[in-house]
Amino acid sequence: MTIKLYNTKTRSRVDFAPIDPDNVRMYVCGPTVYDRAHLGNARPVVVFDVLYRLLRHTYGADHVTYVRNFTDVDDKINARAAQSGRAIGEITAETTQWFLDDMGALGALEPNHMPRATQYIPQMVAMIEELIAKGHAYEAEGHVLFAVDSWREHYGALSGRSVDDMIAGARVEVAPYKRNPMDFVLWKPSSDDLPGWESPWGRGRPGWHIECSAMSHELLGESFDIHGGGNDLMFPHHENEIAQSCCAHPTGDFARVWMHNEMLQVEGKKMSKSLGNFFTIRDLLDQGIPGEVIRFVFLSTHYRKPMDWTAEKEVEAESTIFGFIQIVADFCDFKSVDFCKPSQKVIDALANDLNTHVAVEQLKRLRDSSKGTQLACDLLFLGFFDREGLQRRSSEYQEVCALVSPLADRLQELRREAKETKDFTQVDRMKTELLAANISVMMSNDKVVLRPEKDFDLAKLEALK
RNA sequence: GGCGAGUUGGCGGAGUGGUUACGCAGCGGAUUGCAAAUCCGUGUACAGGAGUUCGAUUCUCCUACUCGCCUCCA
C-alpha cells in the first residue's frame with residue numbers, strides 16, 4: 001500500500017517513501033507551555049496522531065519515531081511568570097502536564113520523544129556556532145542573527161515568498177543592527193531577571209526557531225521524513241527552521257515532506273480572545289464534552305481545510321459516538337477485537353492524504369450493518385477510545401439495557417392485553433414515560449425492545465417501578 | 001500592500017474530465033393500535049464569467065467573496 005501525502009514544499013501530493021522503512025521519522029511542532037491548550041492547539045496534535053497511527057500500522061509500531069517538542073523558553077512564558085509571580089519552571093512543568101493530560105483525553109498517543117527546549121541549549125549553541133562559521137549568521141549587539149542574504153535564493157521556498165517580496169510587504173519594525181530586515185534572531189541577550197545560559201555571545205537565550213532545528217537534528221538526524229505543524233507556522237517558523245538546518249547541515253535534506261494543517265474556526269470565525277469565542281480543551285472537557293466527541297468533530301473535516309467548530313457539530317458528533325457505543329455493546333465480541341485488523345477502507349482513506357472524513361464514514365457504514373467487532377476495532381485504531389475505555393462504555397450501556405429490560409416485558413404484557421380490550425391507554429402512558437426518559441420504544445408484532453438513547457435518564461423511570 | 005488557501009444541494013461534507021458520494025434534516029409510501037426502528041422512493045448542488053475539450057463541478061485564466069499568514073498565537 002502506498003501512502004499519499006500532500007507536501008507543502010512541492011504543493012503536490014506525493015507517494016510517501018521513507019528514507020528508512022525501519023525507522024520512519026516525523027517531527028511535529030509542539031506547544032509553548034505557558035497556558036492551557038486551546039482548541040486550535042489540539043488540531044495538529046490529533047491530525048498528526050492519526051498519521052502516527054497510520055505509519056505505525058504500515059511500517060510497524062517499533063519502526064516509527066515521532067518527536068514533538070515542548071517550547072519551555074519563550075518570552076510569553078517570561079511574561080506569565082512576571083505577571084503571576086510564579087517561577088518559570090513551575091509554570092512550564094504544570095502546563096506541560098496539562099497539555100499531556102488534555103491531549104490524552106483526545107486520544108492522542110504520546111510521541112516517542114518530547115524534548116524540552118531548555119534541555120537542548122548546548123546543541124542550539126553548537127548549531128549557531130556552526131552557522132556563524134559557515135557565514136550564515138553574524139553577531140550584532142549581543143544578538144546572533146541569521147543572514148538571509150547568505151541563502152537568499154532558497155529562503156522563502158516553502159511559503160512561496162521571495163526575500164524581496166517580503167521586504168516590500170513587511171510591516172515589522174526593523175532592528176537597526178540587522179543587515180537585512182528579514183534576518184531573524186538565533187540568540188538574544190538576557191538581562192539578569194530573565195532566564196539565560198552562558199554562551200560565546202554572553203548570557204542569553206535562544207530565538208524561537210533554533211530549538212526545532214537543533215532538536216530534530218539531535219533526535220532524527222540531518223534528514224528525516226515528515227515535518228508537521230499548523231499552517232500559521234509555515235512562515236516564518238518553518239521557513240527559518242529550513243534555513244538554519246539546511247545551512248548548518250548542507251549535506252542533509254532536513255525534512256522531506258512538509259505537512260500543514262489548516263486553522264480552526266469557531267462558529268465561522270477565527271477563535272480569538274478578542275472575539276470572546278476562545279476556549280481550551282479543558283473548558284470543553286469540563287462542560288462534559290468527552291474527548292472522543294472532540295476528536296470526532298476534528299476528524300470529520302479534512303486536515304487541509306479550515307475546520308469550523310460549532311455547537312451543532314458537537315451535538316451531532318455526540319449522538320454519532322453514542323450510536324457507535326450501542327452497536328459495539330450489542331454486537332462486539334471483545335475477545336475477537338484483539339485479533340481484528342482495522343478496515344481496509346479506513347486504511348485506504350487515511351493513506352489518501354489522511355482522508356479522515358472518509359474513514360469516519362466507514363465507521364458509520366459498519367454501524368449501519370451492525371458490524372460491532374469491526375467497528376470497535378476501527379474505533380480503537382482511529383484513537384477514539386482505548387480498549388479499556390471502549391469495553392467499559394460498552395459494558396455500562398449493557399448494564400443500563402439490562403435495567404430497562406424488565407420494563408420491556410411489562411410493556412409487552414400490557415400491549416397483549418390492550419390488543420384484546422382495544423384500550424391502549426395504559427400502553428401509551430408507559431410509552432410516553434419511557435420516551436420522556438429518552439428510551440426508544442420499538443414494538444414489533446410479538447416483542448418490545450427498549451433502547452436507551454443519548455441522554456437517557458433512568459431517574460425518570462421511577463414512576464414505573 | 002505582499003504571499004497562500006478556499007467558495008459543492010436546507011445544513012455538514014467527500015469526490016470525480018463524461019455514469020451527479022455520504023451523513024443529518026425534509027417529503028412520499030410500506031409497516032405499526034399510534035409510534036419508533038427498518039425498508040422503498042424522492043430532492044438533480046458544485047460562486048460568477050471566459051477558455052481548453054467531443055464533453056468540466058473536476059484543467060487554465062479573470063472577477064467576486066471568504067479565510068489565513070506577513071505581528072504573540074497551532
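Every heavy atom of this structure was used, including side-chain atoms; hydrogens, water molecules and symmetry mates were not. Quick note on labels: first sequence line is chain A, next is B, and so on, each numbered from 1.
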- Message: Taking Arg295(A) first and then Glu292(A), would you say they form a salt bridge - that is, a charged N and a carboxylate O separated by under 4.0 Å?
- Response: no
- Query: Can you find a donor-acceptor N/O pair under 3.5 angstrom joining the side chain of His302(A) to the base of A14(B)?
  - Reply: no
- What distance, rounded to whole Å, do you find between the two P atoms, one in G49(B) and one in U38(B)? 41 Å
- Message: Looking at Asp428(A) and G33(B), is any side-chain donor or acceptor paired with a base atom of the opposite kind under 3.5 Å?
- Response: yes
- Is it the case that more than 12 heavy atoms not belonging to Arg416(A) sit under 6.0 Å from its CZ atom? yes
- Message: Between Arg205(A) and Asp75(A) (salt bridge meaning N to carboxylate O under 4.0 Å), is one present in this structure?
- Response: yes
- Message: Could you tell me how far U58(B) sits from A50(B) if I compare only their P atoms? Round to whole Å.
- Response: 13 Å
- When you measure from the side chain of Pro236(A), which nucleotide among G4(B), A74(B), C70(B) comes out closest? C70(B)
- So does Lys431(A) reach the base of C34(B) with its side chain, donor to acceptor, closer than 3.5 Å? yes
- Message: Roughly how many Å apart are U19(B) and G6(B), using the C1' atom of each and rounding to a whole number?
- Response: 28 Å
- Of Lys313(A) and His38(A), the one whose closest nucleotide on RNA chain B sits nearer the 5' end is Lys313(A)
- Choosing from A37(B), G13(B), A74(B), which nucleotide comes nearest the side chain of Pro44(A)? A74(B)
- Respond yes when some side-chain nitrogen or oxygen of Lys305(A) is under 4.0 Å from OP1 or OP2 of G6(B), and no when none is. no
- Checking Arg304(A) against Tyr6(A): charged group under 6.0 Å from the ring centre and within 45 degrees of the axis? yes
- Message: Applying a 4.0 Å non-hydrogen cut-off, can you work out what Met234(A) is touching in the nucleic acid: base, sugar-phosphate, or nothing?
- Response: nothing
- Item | Shortest side-chain distance from Val441(A), nucleotide among A35(B), G68(B), A14(B) | A35(B)
- Query: Is any side-chain N or O of Lys76(A) closer than 4.0 Å to OP1 or OP2 of C73(B)?
  - Reply: yes
- Provide the distance between the two C1' atoms, one in C73(B) and one in A56(B), to the nearest whole Å. 41 Å
